[in-house]
Participant: 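Before I ask anything, let me first share the structure, which is written out below as structure tokens.
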Amino acid sequence: SFVGKWGSKGTGDGQFRGPLGVALAPRSGDVYVVDIFNHRVQYFTATGSFLGKIGRRGWGNGEFVSPSYCGFLPDGRRLYVTDTSNYRVQYFRWSEPAVSPTSRGKVKALFR
């Protein structure tokens, strides 16, 4: 049965102009979506909260022209993206985010 959905038409974060390929990150369960006409890969939590994006239109490393599909190695350490109109496959290494744990009290103090 239907559970939910996310996204809308557009170019902003969490919006799509041609979602095509989907991959699940084995380590986190995050959902990676290839957005072919926005020339990027966006990633979300399993419930659709926007987390970030990879790439933009271009011909350099980390840039795409009409990416079509993506997938992970089984250990989740590499993401592969087919960069269709650049005639190549690019791959990216997963790394831990550069953040350190903190307490709720410290976060609250930042926004007083």
Side-chain angles (χ1 to χ4, degrees):
S1 63
F2 179 78
V3 176
K5 62 181 177 178
W6 73 80
S8 61
K9 184 178 180 181
T11 60
D13 293 344
Q15 296 182 317
F16 301 103
R17 287 186 53 232
L20 187 58
V22 174
L24 297 178
R27 300 180 81 178
S28 64
D30 294 337
V31 180
Y32 285 66
V33 181
V34 175
D35 189 4
I36 188 170
F37 298 118
N38 279 328
H39 311 284
R40 64 187 179 187
V41 176
Q42 298 188 77
Y43 49 103
F44 304 85
T45 65
T47 57
S49 295
F50 177 80
L51 294 172
K53 58 190 169 192
I54 300 167
R56 62 180 181 191
R57 182 175 172 79
W59 298 267
N61 293 335
E63 297 176 330
F64 304 110
V65 178
S66 303
S68 52
Y69 297 99
C70 64
F72 282 91
L73 285 178
D75 67 4
R77 296 211 175 264
R78 281 200 181 162
L79 170 69
Y80 291 82
V81 180
T82 54
D83 190 7
T84 305
S85 292
N86 276 330
Y87 307 100
R88 63 186 179 185
V89 174
Q90 295 192 65
Y91 58 97
F92 302 85
R93 178 184 56 204
W94 184 87
S95 59
E96 294 285 342
V99 297
S100 56
T102 190
S103 70
R104 184 172 180 218
K106 286 182 184 178
V107 172
K108 285 174 72 175
L110 287 172
F111 296 99
R112 285 188 182 177

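Heavy atoms only: backbone and side chains are in, while hydrogens, waters and symmetry mates are out.
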Participant: Could you measure the distance from the CD1 atom of I54 to the OH atom of Y43? Nearest 0.5 Å is fine.
Facilitator: 5.5 Å
Participant: Quick one about S68 and T82 (side-chain donor to acceptor, distance below 3.5 Å, no hydrogens or angles considered), yes or no?
Facilitator: yes
Participant: Find the distance between CH2 (W59) and CZ (R88) and round it off to the nearest 0.5 Å.
Facilitator: 10.5 Å
Participant: Please round to the nearest 0.5 Å and tell me the distance separating atom CZ of R57 and atom CZ of F37.
Facilitator: 11.0 Å
Participant: Quick check for you: to the nearest 0.5 Å, what is the distance between S85 atom OG and F64 atom CZ?
Facilitator: 12.5 Å
Participant: When you check the gap from the basic side-chain N to the acidic O, do R17 and D35 get nearer than 4.0 Å?
Facilitator: no
Participant: Specify the closest pair of heavy atoms between E63 and D83, including all atoms of both residues, with the distance to one decimal.
Facilitator: O-OD2, 3.3 Å
Participant: Nearest heavy-atom pair of V31 and A46: which atoms, and what distance?
Facilitator: CG2-CA, 4.1 Å
Participant: When you measure from the side chain of Q90 to the backbone of G62, do you find a donor-acceptor pair of N or O atoms at a distance under 3.5 Å?
Facilitator: yes
Participant: What heavy-atom pair brings R77 and R27 nearest, and what distance separates the two atoms?
Facilitator: NH1-NH1, 3.0 Å
Participant: Are the aromatic rings of Y80 and F92 close, with centres under 6.0 Å apart?
Facilitator: no
Participant: Between T84 (side chain only) and S66 (backbone N and O only), is there a donor and an acceptor less than 3.5 Å apart?
Facilitator: yes
Participant: State yes or no: do V34 and L79 share one hydrophobic cluster built from I, L, V, M, F, W and Y residues joined by side-chain heavy-atom distances below 4.5 Å, directly or via other members?
Facilitator: yes
Participant: Treating D13 as the side-chain partner and L51 as the backbone partner, does any N or O pair qualify as donor plus acceptor under 3.5 Å?
Facilitator: no
Participant: Assign the ring pair F44 / F50 to parallel, tilted or perpendicular, where the plane angle (0 to 90°) is split at 30° and 60°.
Facilitator: perpendicular
Participant: Could you tell me the separation between the CZ atom of R40 and the OG1 atom of T11, rounded to the nearest 0.5 Å?
Facilitator: 7.0 Å
Participant: Is the side chain of N38 donor-acceptor paired with the backbone N or O of G18 at a distance under 3.5 Å, no angle test?
Facilitator: no
Participant: Hey, is the main chain of G14 close enough, under 3.5 Å, to the side chain of Q42 for a donor-acceptor pair?
Facilitator: yes
Participant: Is R56 atom CZ crowded by more than 12 heavy atoms from other residues, nucleotides or ligands, each under 6.0 Å away?
Facilitator: no
Participant: Is Y32 reachable from V81 through a run of hydrophobic residues whose side-chain heavy atoms are each under 4.5 Å from the next?
Facilitator: yes
Participant: Would a single hydrophobic cluster contain both I36 and V65, if residues Ile, Leu, Val, Met, Phe, Trp and Tyr are joined by side-chain heavy-atom contacts under 4.5 Å?
Facilitator: no
Participant: If you compare all heavy atoms of G71 against all heavy atoms of A23, which two are closest, and at what distance to 0.1 Å?
Facilitator: CA-CB, 3.9 Å
Participant: Among the clusters formed by ILVMFWY side chains lying less than 4.5 Å apart, do L73 and Y91 turn up in the same one?
Facilitator: yes
